[in-house]
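Just so you know, residue 1 is the first one in the sequence shown, and it goes up from there. Read the numbers this way: they start at 1 and go in the same order the structure lists the ligands and their atoms. Worth saying up front: this structure is predicted, and the values here are computed from it rather than measured.
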Amino acid sequence: MQTRAGDPGAFAQFDLERVDSPAFVVDAARLRANLQVLAEIRDAADIKVLAALKAFSMWSVAPIIGEYLDGVCTSGLWEARLASEFYDGEIATYSAAYKPEELDEVCRLSDHVIFNSPGQMERAALILESARAAGQDFDVGLRINPMHPTGEVPRYDPSSPGSRLGFPVDQLTPEIMAGVDGIHFHNLCEQDFEPLHATWDKVFDAIEPWFGQLKWINMGGGHHITRADYQRDELIEFLRDTKEDTGAEIYLEPGEAVALDAGILVGTILDTGFNEVPVAVADISATCHMPDVIEAPYRPAMLGESGDPETPAVRIGGPSCLAGDVIGDYRIPGGAEIGKRFAFLDQAHYSMVKTNTFNGVPLPSIWLWDSETDQLDLVKEFDYTAFRDRLS
Ligand SMILES: Cc1ncc(COP(=O)(O)O)c(C=O)c1O
């Protein structure tokens with residue numbers, strides 16, 4: 001998978017020695033710039049925009065997100081709890097499956113409770129009824145599967161054949177739609193406007209009979225809106241038209257676009273060697289700190305990577321036992337020396353939320369930098385207890 005982010009922005013001027021290693025450093029100014037773009041689109045199109053916590057849930061910056069967006073979307077009870085504890089605005093919760101014992105609290109915390117199937121909705125009917133009788137105020141949504149694959153990688157395409165995500169759009173019936181306040185679909189991953197448009201064409205015909213009943217339509221995430229070359233004008237026009245055609249409130253819930261290019265992961269070279277190619281072991285691990293490198297897979301961009309063919313590319317891997325814990329081959333500026341600091345770009349989203357302590361590898365600390373004021377604060381550091389306390 002080819003990543004389309006990797007703009008160093010202000011990090012080009014950041015001295016990597018100012019933080020410990022490994023460390024995530026998030027630039028508050030870039031975060032605000034992304035949020036400003038999203039808020040401008042929200043205002044121009046007269047829609048609502050929620051930040052997807054699954055992508056970026058550094059809750060110390062929740063107040064910044066709350067200044068710009070309408071709320072957050074969450075993936076289940078624990079994210080909904082995090083949202084209600086720290087974030088402002090609306091909470092829309094969607095989970096592929098809820099446990100019955102979680103639902104009452106999900107209903108209490110969420111403005112939108114979105115189900116993955118009519119069967120789950122039906123089984124939850126009594127819980128929803130008693131939650132409402134107890135005064136809880138929430139809408140019920142159904143996630144549909146547009147059955148319109150648009151993605152480069154099937155693993156990231158909810159419309160892939162056989163997908164469990166969302167109810168197949170061609171199976172909707174009036175009985176199923178009877179208690180549904182809103183429709184949700186999420187069909188994109190790091191994509192431009194056109195795949196959204198094509199998805200909507202497919203969805204439109206199937207849900208048209210319920211325009212008038214639907215209070216809202218949530219178009220999920222995967223919109224790469226804050227990338228400089230995204231087609232923002234087309235998106236605004238489309239959203240305005242859609243709102244008018246459907247009479248529904250329109251929601252977008254981007255995750256990656258909120259934190260795009262807003263953070264780096266700083267590491268240090270611990271050892272070097274040669275095995276057919278130059279190799280290096282770092283204190284950053286693909287498997288522990290950037291699992292999407294292996295899962296997607298993709299090659300993260302390195303801050304200031306040398307373009308000089310004279311600088312040999314070094315195969316950088318993590319300190320874990322996994323042979324495949326390899327980040328990639330890089331020309332480290334100035335060469336790969338022991339003790340050398342380096343950083344990977346665009347690591348604020350989907351890396352910080354996915355870290356783990358396999359092999360007892362330490363978790364990166366989390367720093368907040370403001371490139372406009374140069375203020376740098378250590379938000380959180382993790383010690384041995386973070387590893388110990390999630391085991392027993
Ligand atoms: C239901 C849902 N909403 C929103 C998002 C956020 O997507 P992205 O971070 O690609 O914008 C995802 C990502 O998987 C998702 O599954």
Side-chain angles (χ1 to χ4, degrees), residues 1-5 31 34-35 37-38 41-42 47-58 65 69-77 79-80 83 87 90-98 106 110-117 120 141-146 149-160 163-167 169 182-193 195-196 199 203 216-227 230 232 235 250-263 291-292 295-296 298 346-354:
M1 189 171 177
Q2 189 64 39
T3 179
R4 295 172 73 190
L31 182 63
N34 287 343
L35 292 164
V37 168
L38 294 170
I41 285 172
R42 183 261 321 272
I47 62 154
K48 293 198 177 183
V49 178
L50 309 176
L53 290 192
K54 72 186 72 190
F56 180 62
S57 38
M58 180 176 164
I65 291 176
L69 302 188
D70 300 286
V72 296
C73 74
T74 71
S75 321
L77 179 58
E79 279 192 0
Y87 289 80
E90 297 181 27
I91 300 177
T93 303
Y94 156 78
S95 171
Y98 298 101
V106 169
S110 312
D111 298 280
H112 296 176
V113 180
I114 302 167
F115 289 88
N116 193 53
S117 71
Q120 281 197 59
L142 177 64
R143 176 171 175 175
I144 54 170
N145 185 316
T150 61
E152 190 192 326
V153 180
R155 191 180 300 129
Y156 291 102
D157 193 334
S159 273
S160 292
S163 169
R164 73 191 185 294
L165 300 172
F167 185 65
V169 72
I183 282 289
H184 179 286
F185 61 89
H186 167 79
N187 204 41
L188 310 178
C189 178
E190 293 196 347
Q191 273 162 302
D192 284 342
F193 168 65
L196 170 63
T199 301
V203 167
W216 45 264
I217 296 168
N218 182 327
M219 300 189 175
H223 322 279
H224 233 198
I225 299 171
T226 47
R227 212 187 58 233
Y230 185 90
R232 293 176 196 160
L235 176 69
I250 307 296
Y251 283 80
L252 298 182
E253 46 180 41
E256 179 160 336
V258 169
L260 194 72
D261 285 328
D292 282 352
E295 236 177 75
Y298 83 106
D346 199 30
Q347 293 305 313
H349 58 82
Y350 292 111
S351 290
M352 197 189 291
V353 289
K354 286 191 169 189

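- Protein heavy atom in closest approach to atom 2 (C) of ligand 1: K54 NZ, 3.3 Å.
- At least one heavy atom of H184 sits closer than 4.0 Å to an atom of ligand 1.
- With 3.5 Å as the limit, one finds no donor-acceptor pair spanning the side chains of E253 and Y94.
- Closest approach of H223 to Y230, counting heavy atoms only: CB-OH, 4.3 Å.
- Ion pairing between a basic and an acidic side chain is recognised when a charged N comes within 4.0 Å of a carboxylate O; R227 and D192 show such pairing.
- Regarding atom 9 (O) of ligand 1, its nearest protein heavy-atom neighbour is Y350 OH, 2.6 Å.
- Proximity of a side-chain donor or acceptor of N116 to a complementary backbone N or O of G166 within less than 3.5 Å is detected.
- Counting only heavy atoms of the protein, atom 7 (O) of ligand 1 lies nearest to G222 N, 3.4 Å.
- By the 30° and 60° cut-offs, the orientation of the rings of H112 relative to W216 is parallel.
- Considering backbone and side-chain atoms alike, G255 places an N or O below 3.5 Å from some N or O of ligand 1.
- The backbone N or O of Y98 sits less than 3.5 Å from a side-chain atom of Q120, completing a donor-acceptor pair.
- Note on ligand 1: P254 sits in its first shell, one or more heavy atoms being nearer than 4.0 Å.
- Side-chain contact check for Q191 and T150: at least one donor-acceptor pair (N or O, by modelled atom type) lies under 3.5 Å.
- Counting only heavy atoms of the protein, atom 12 (C) of ligand 1 lies nearest to H186 CE1, 3.2 Å.
- Under a 4.0 Å criterion applied to the non-hydrogen atoms of E256, ligand 1 contributes the atoms 8 (P), 9 (O), 11 (O).
- For atom 3 (N) of ligand 1, the nearest protein heavy atom (residue, atom name, distance) is E253 OE2, 2.7 Å.
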